[in-house]
Amino acid sequence: MKKTYRIFTAAAIIFSAVILSACQGPVFSSIMKDVAEEDATMSGNMISVARYNVSGTEFLVAAAQGGLHYKLTDSDEHGKWHKYSSLPFSLHAYDYYGASDHTGERLLKVLADNTNLYLITVKETRNSTLGTSVPAEYHIYTKAIALSDSNNGTWKTDDSETNPWAELTENNKRSDGTSALLQFFINDDYYYTRFNVFSTNSVKNEHRRVFIRSGAGKSSDTDVTSTYEYYEIDGTNVTQLTVDQISAATTRKELRESNSLEDDGGLLIDCSQTELESTVIDSAAYIGDTLYFFNSIAVADNETSSESSTGIFYGMCSESASYNKKTNTDDLYYFGYTSDSAETPVNKKILDAGEPISCFAVCNDALIIGRAEYAYLQVYSSTGGVVKIELNNRKPLDSVFEDEKSTAEKVSFTTNADSQLSSSYEIFTLLNTDPSKDELDSSLYATIGYMGTGSSSSVSPKNVGMWSYYASRGNWNRE
């Protein structure tokens with residue numbers, strides 16, 4: 001009996017060793033990458049992180065819980081964010097159990113051009129009949145921020161009289177009194193925005209520009225769409241792109257043939273899988289000094305502070321005339337030059353990302369791809385997370401261009417990126433402060449969230465917000 005027991009015990013130990021050895025890769029690798037979570041300094045739903053230059057000093061700016069926050073771009077460590085208190089509005093507040101209505105404004109998005117900062121806000125009101133909160137009005141505020149007199153990487157907060165914020169929607173209204181810039185549709189059943197404010201968010205300050213798409217959307221119960229208008233904003237100067245550049249009557253076919261949106265060479269890249277009469281532009285990026293517009297949601301060029309862009313990564317999108325709704329897809333494309341000696345750019349699908357693409361972070365040796373499905377009437381998130389492909393000098397590998405069927409391949413992370421930025425979370429933004437650096441030498445930021453109840457018990461409200469990777473830290477953690 002003892003002999004039998006010893007044999008059984010030995011067999012069990014050997015079997016366990018085999019099992020543990022087999023599990024070493026997928027299980028223990030994830031455990032080894034797990035890190036103690038640092039205290040969060042940037043929480044809340046953040047749908048943008050803007051690059052902004054103040055008097056030659058580079059900053060990152062975001063709308064986080066508690067207002068507007070900024071940080072020196074070269075501050076490669078956890079935290080170090082400052083709160084900017086001199087806002088032109090009071091922050092939103094609402095007593096869910098009280099009788100009072102909403103007060104203040106909710107800060108939705110922050111953008112920047114080469115001089116000015118822009119804040120997109122909404123005032124909300126309570127619909128007592130439906131028991132819901134709905135937008136009452138949207139605003140754009142702009143200001144050229146000044147550095148504080150102490151010159152310690154902080155902003156001046158006591159210049160409201162000499163350098164006030166300007167509100168743009170009041171001076172840009174239609175004859176019916178509605179905003180020409182930030183249109184939205186609302187009735188007793190639903191509401192949706194008819195605008196998008198987007199920027200190039202370029203590494204080079206001189207390439208930072210801000211645009212608005214306004215109008216269109218479903219205008220009645222019949223499936224009829226109206227047209228879009230496009231504007232560029234430069235401080236308080238609001239310039240509508242002319243009929244020759246882009247117009248309500250211009251179809252995609254005509255835009256492709258004319259290939260001209262801007263006097264300085266702005267071109268439209270039609271990256272939709274469907275045909276609509278109205279153009280739906282949502283992003284812009286540069287190759288060299290030429291600006292390209294895209295109707296894709298996710299776009300990133302590969303420029304650095306010292307080198308011009310040679311290509312643009314973008315996600316394919318699908319559009320429908322019903323409600324003018326747009327859906328991002330899994331398909332990653334590269335539009336640009338394949339080498340320094342190439343004379344003409346290519347436009348090629350290089351990857352199926354597995355889930356809809358939402359954003360990118362370009363590194364010298366890798367492209368990190370954020371995923372989130374922005375589907376119409378989606379009730380919960382389950383298709384997020386990050387994947388990556390290898391790059392060489394911020395361009396796809398030569399093998400991708402060997403023939404029409406050649407594509408890139410997803411490669412594994414050596415950091416904990418895919419476990420911290422898991423597929424249960426939507427990835428709203430990704431940013432590399434210096435794309436000339438390899439991934440492991442970079443300072444990287446991501447903002448994440450989830451829709452509805454998420455996809456599983458693995459999501460948590462405490463994880464919503466900003467995450468970061470620093471070379472000195474070696475892994476992703478809370479920012």
Side-chain angles (χ1 to χ4, degrees), residues 47-48 50-54 61 63 68 87-89 105 107-123 135-146 160 163-185 193-202 205-217 226-250 255 260-268 278-286 291-295 324:
I47 60 174
S48 67
R51 306 177 193 265
Y52 184 47
N53 187 288
V54 182
V61 193
L68 184 66
L87 298 176
F89 54 86
E105 299 178 37
L107 181 53
L108 301 177
K109 193 174 186 178
V110 181
L111 308 98
D113 60 22
N114 59 5
T115 305
N116 308 286
L117 196 67
Y118 301 90
L119 311 180
I120 314 301
T121 71
V122 61
K123 281 186 176 181
E137 55 192 45
Y138 290 89
H139 292 277
I140 306 177
Y141 299 95
T142 184
K143 178 178 178 176
I145 299 294
S160 59
N163 183 27
W165 288 89
E167 204 285 324
L168 301 184
T169 56
E170 287 298 317
N171 294 326
N172 294 275
K173 289 191 174 182
R174 300 184 182 281
S175 57
D176 61 1
T178 60
S179 171
L181 304 180
L182 305 181
Q183 294 188 54
F184 64 100
F185 178 84
T193 57
R194 290 176 169 175
F195 68 87
N196 183 25
V197 188
F198 59 94
S199 71
T200 55
N201 208 27
S202 302
N205 187 45
E206 60 267 28
H207 284 166
R208 293 173 191 166
R209 299 168 70 175
V210 178
F211 301 93
I212 300 175
R213 169 177 55 79
S214 184
S226 56
T227 55
Y228 289 98
E229 295 174 350
Y230 292 87
Y231 302 85
E232 179 168 12
I233 50 178
D234 179 9
T236 57
N237 298 316
V238 180
T239 304
Q240 184 174 356
L241 300 185
T242 67
V243 173
D244 291 335
Q245 295 164 340
I246 179 171
S247 74
T250 303
L255 280 167
S260 179
L261 295 179
E262 284 278 325
D263 293 335
D264 64 354
L267 305 176
L268 173 71
S278 59
T279 309
V280 188
I281 295 174
D282 277 314
S283 56
Y286 276 89
L291 178 68
Y292 291 86
F293 289 94
F294 292 77
N295 53 0
N324 279 98

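Because the structure is predicted, anything quoted here is derived from the model rather than measured.
The backbone N or O of A144 sits less than 3.5 Å from a side-chain atom of N163, completing a donor-acceptor pair.
Looking at heavy atoms from C-beta onward, R209 lies in side-chain contact with Y286 at the 4.5 angstrom threshold. You'll find the side chain of L117 reaches within 4.5 Å of the side chain of V61, heavy atoms only. The side-chain heavy atoms of I140 and L182, taken from C-beta on, include a pair separated by under 4.5 Å. Side-chain atoms of L119 and F89, non-hydrogen and from C-beta on, do get closer than 4.5 Å to each other. Counting heavy atoms from C-beta on, the side chains of I212 and Y230 never come closer than 4.5 Å. The shortest side-chain heavy-atom distance between T169 and E167 falls under the 4.5 Å cut-off. Between T121 and Y141, the closest side-chain pair of non-hydrogen atoms falls below 4.5 Å.
Scanning for side chain to side chain donor-acceptor pair (under 3.5 Å) contacts around R208 gives E58, N205, with sequence neighbours left out. In this view, D113 and N116, Y118 satisfy the side chain to side chain donor-acceptor pair (under 3.5 Å) rule, not counting sequence neighbours. Every residue meeting the side-chain contact (heavy atoms from CB on, under 4.5 Å) condition with S199, not counting sequence neighbours, appears here in chain and number order: L111, N201, V210. Residues satisfying the side chain to side chain donor-acceptor pair (under 3.5 Å) criterion with S48, sequence neighbours excluded, are absent altogether. By the side-chain contact (heavy atoms from CB on, under 4.5 Å) test, T236 pairs with T142, A166, L168, sequence neighbours left out. Taking the side-chain contact (heavy atoms from CB on, under 4.5 Å) definition, one finds that E137 meets it with K123, H139, sequence neighbours left out. Not counting sequence neighbours, the partners of A284 by the side-chain contact (heavy atoms from CB on, under 4.5 Å) test are F198, T200, F211, L291, F293. Shown here are the side chain to side chain donor-acceptor pair (under 3.5 Å) partners of K143, two or more places apart in sequence or in another chain: Y84, D159. Residues passing the ring-ring contact (aromatic ring centres under 6.0 Å, His included) test with Y231, sequence neighbours excluded: none.
Between S214 and A180, the shortest heavy-atom distance links the atoms OG-O, 2.8 Å. For Y138 against L108, the heavy-atom pair with the smallest separation is CE2-CD1, 3.8 Å.
Atoms CG and CD1, on L107 and I120 in that order, are 9.0 Å from each other to the nearest 0.5 Å. Note that OG of S160 is 12.0 Å distant from CH2 of W165, once rounded to the nearest 0.5 Å. One finds the CG atom of N172 at 10.0 Å from the CD atom of Q240 (value rounded to the nearest 0.5 Å).
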